[in-house]
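A short write-up of the structure that comes next.
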Amino acid sequence: MGIELDVKPVKSWLPKLNNPLLIAGPCSLESEEQVLDTARQLAKDPRVFMYRGGVWKPRTRPGSFEGIGSIGLEWLKKVRQETGLPVGAEVANAQHTEEALNAGLDAVWIGARSTASPFVVQEIADVLKGTDAVVMVKNPVNPDTQLWLGAFERLNRAGITKLVGIHRGFTPFRETKYRNYPNWSTVIEVRRICPHLPIICDPSHIAGKREYLFEIAQKSFDMGLDGLMLESHCNPDCALSDKEQQLTPPELFRLLDRLVIRNTSVHNPEFEDQLDVLRGRIDSIDNELIEILAARNEVSRLIGLYKKEHNVTALQIGRWTELVNKRVAAGEKLNLNRTFIQIMFQLIHEDSVRLQTEILDRE
Ligand code: PEP
Ligand code: MN
């Protein structure tokens, strides 16, 4: 389905923007002192363009800190007054949105859990209708490109054209290195469909841990994303939410110093950019291939256990011949080389037999 988004180029509404768009601030606003201390430190670096802070916090489980509430909006106003930084916060329902508009926030964002709910997005869009608001939309928690695009469309239909996408990763279905796994192919797909939409990366919620922030931030620049949203707290160890992924402002500046921002004025920038995008797609497809192979292995292991229970051999030659013929035929239909498919499935099958033999021989 084609999507035509009416998006104003970011430079037209953020003329002072020094590329890339960098948004930093605490996960949650906790106290006036914490908010202002963090802001004062962040404002010392001109690379920080906007201050973020969670006023109302969507927590996966009840009982954790759910945000300081409306008073936080007053603190954000103070931040802007004192430091000159524009300020933004997450809104998750009509009431938050009304309060954020009344407080004159420079931007609001829709969080990953809310983007996953069209009702919530529509409720927010209805309140924003007719305003000139800057609205950032995080990807939904599940890797559904259409749901993310749908949120932009709903906002666009309400007349909102100052839009930014935020890639914050997707909920993993099993234990992974990152808290939320990044999926660059989804980002690329959104970029392909809406080439004018600025998209930034939120390494904090992807990483979940400080140690992975740099590699994700660098990767997002390598992928040509337009900026970063990073959580920063004056005292992360005492943070009331997401303490393991927040950086102190000086740590944040050091991370920024190490980042290589890709030069767009190389010899043939169009070629370079396109090459990066394509290689990024290859990387994510390869990662998907590995995940699929791991899933196949798991099924093969279950078959091994079942065979052991019934005292059946690991290799059944009839099944193998049938499998390889079917795979070659399916591959040919998609223009895949016959020999390549044969060899690939030979290797896959050999490994599967090895795995099952190990199971059969286990005591
Ligand atoms: C946040 O940015 O504070 C937040 C809760 O993020 P997400 O919606 O990505 O989980
Ligand atoms: Mn957070």
Side-chain angles (χ1 to χ4, degrees), residues 21-30 34-35 38 42 48 50-62 64-69 72-73 75-76 87-93 96-97 100 105-117 120-121 124 134-144 147-148 151-152 164-172 176 178-183 186-187 190 199-210 212-213 216-217 220 225 227-248 251-252:
L21 171 60
L22 180 66
I23 303 168
C27 175
S28 301
L29 304 179
E30 299 165 5
Q34 168 248 4
V35 171
T38 309
L42 287 172
V48 177
M50 183 182 280
Y51 186 81
R52 66 147 277 159
V55 173
W56 302 279
K57 297 304 299 177
R59 304 313 297 276
T60 305
R61 309 262 313 273
S64 17
F65 178 60
E66 295 199 317
I68 202 74
L73 296 170
W75 302 340
L76 286 177
V87 290
E90 174 177 347
V91 291
N93 60 33
H96 298 162
T97 314
L105 295 196
D106 301 281
V108 292
W109 77 84
I110 299 181
R113 293 159 190 78
S114 305
T115 311
S117 163
V120 171
V121 174
I124 294 170
V134 173
V135 185
M136 304 187 279
V137 183
K138 292 204 174 195
N139 64 252
V141 282
N142 50 324
D144 185 337
L147 210 45
W148 199 8
F152 292 116
V164 176
I166 306 179
H167 178 38
R168 53 77 79 196
F170 300 97
T171 308
T176 58
Y178 301 135
R179 176 177 174 192
N180 292 294
Y181 67 92
N183 189 335
T186 301
V187 177
V190 172
I199 304 180
I200 66 173
C201 178
D202 170 353
S204 308
H205 290 91
I206 291 178
K209 289 212 167 58
R210 277 185 273 283
Y212 303 136
L213 293 172
I216 296 161
S220 71
L225 294 205
L228 297 171
M229 176 185 262
L230 279 162
E231 287 187 340
S232 178
H233 190 291
C234 56
N235 188 1
D237 291 338
C238 297
L240 297 181
S241 59
D242 290 352
K243 60 161 93 174
E244 286 180 29
Q245 68 193 34
Q246 304 207 58
L247 296 172
T248 62
E251 283 166 349
L252 180 101

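Whatever order the structure lists them in is the order used to number ligands and atoms, beginning at 1.
- Heavy-atom contacts of Lys138 reach the following atoms of ligand 1: 1 (C), 2 (O), 4 (C), 6 (O), 7 (P), 8 (O), 9 (O) (cutoff under 4.0 Å).
- When the N, O or S atoms of Glu231 are ranked by distance to the Mn ion (ligand 2), OE2 comes first.
- The nearest heavy-atom contact from the protein to atom 3 (O) of ligand 1 is Lys57 NZ, 2.6 Å.
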### Task
Kindly determine whether Arg52 and Glu231 satisfy salt bridge (Lys or Arg N to Asp or Glu O under 4.0 Å), including the steps that lead there.
CA-CA 8 Å; Arg52 66 147 277 159; Glu231 287 187 340; 3.5 Å; yes
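- The closest approach between a heavy atom of Met229 and any atom of ligand 1 is not below 4.0 Å.
- Take the N/O/S atoms of Asp242: the one nearest the Mn ion (ligand 2) is OD2.
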### Task
Evaluate the criterion side-chain contact (heavy atoms from CB on, under 4.5 Å) for residue pair Met136 and Ile23; output intermediate values, then yes/no.
CA-CA 11 Å; Met136 304 187 279; Ile23 303 168; 3.5 Å; yes
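- Counting atoms of ligand 1 from 1 in the listed order, those under 4.0 Å from a heavy atom of Gly111 are 8 (O).
- Nearest heavy atom pair, residue Thr115 against residue Lys138, reads OG1-O, 2.8 Å.
- Using cut-offs of 30° and 60° on the angle between ring planes, the pair Trp56 and His96 is parallel.
- Distance from atom 8 (O) of ligand 1 to its nearest protein heavy atom, with residue and atom name: Ala112 N, 2.9 Å.
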### Query
Ile68 and Lys57: side-chain contact (heavy atoms from CB on, under 4.5 Å), yes or no, with the steps?
CA-CA 8 Å; Ile68 202 74; Lys57 297 304 299 177; over 6 Å; no
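- Side-chain atoms of Asp242 and His233 include no donor-acceptor pair closer than 3.5 Å.
- Note that OG of Ser204 and CD of Glu244 are 13.0 Å apart. Values are rounded to the nearest 0.5 Å.
- From the protein, the heavy atom lying nearest to atom 1 (C) of ligand 1 is His205 CE1, 3.3 Å.
- Shortest non-hydrogen contact noted between Arg210 and Pro236 is NH1-CB, 3.7 Å.
- By heavy-atom distance, the residue among Arg168, Arg52, Met136 lying nearest atom 2 (O) of ligand 1 is Arg52.
- Heavy-atom contacts of Glu231 reach the following atoms of ligand 1: 3 (O) (cutoff under 4.0 Å).
- Per-residue contacts place Trp109 under 4.0 angstrom from the following atoms of ligand 1 (heavy atoms of the residue considered): 2 (O).
- Which parts of ligand 1 touch Glu90 is read off a 4.0 Å heavy-atom cut-off, strictly below it: atoms 4 (C), 5 (C).
- In terms of N/O distances under 3.5 Å, ligand 1 is not approached by Cys27.
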### Message
Quick one, Leu225 with Ile200, criterion side-chain contact (heavy atoms from CB on, under 4.5 Å). Give me CA distance, side-chain angles, the key distance, then yes/no.
### Response
CA-CA 5 Å; Leu225 294 205; Ile200 66 173; 5.9 Å; no
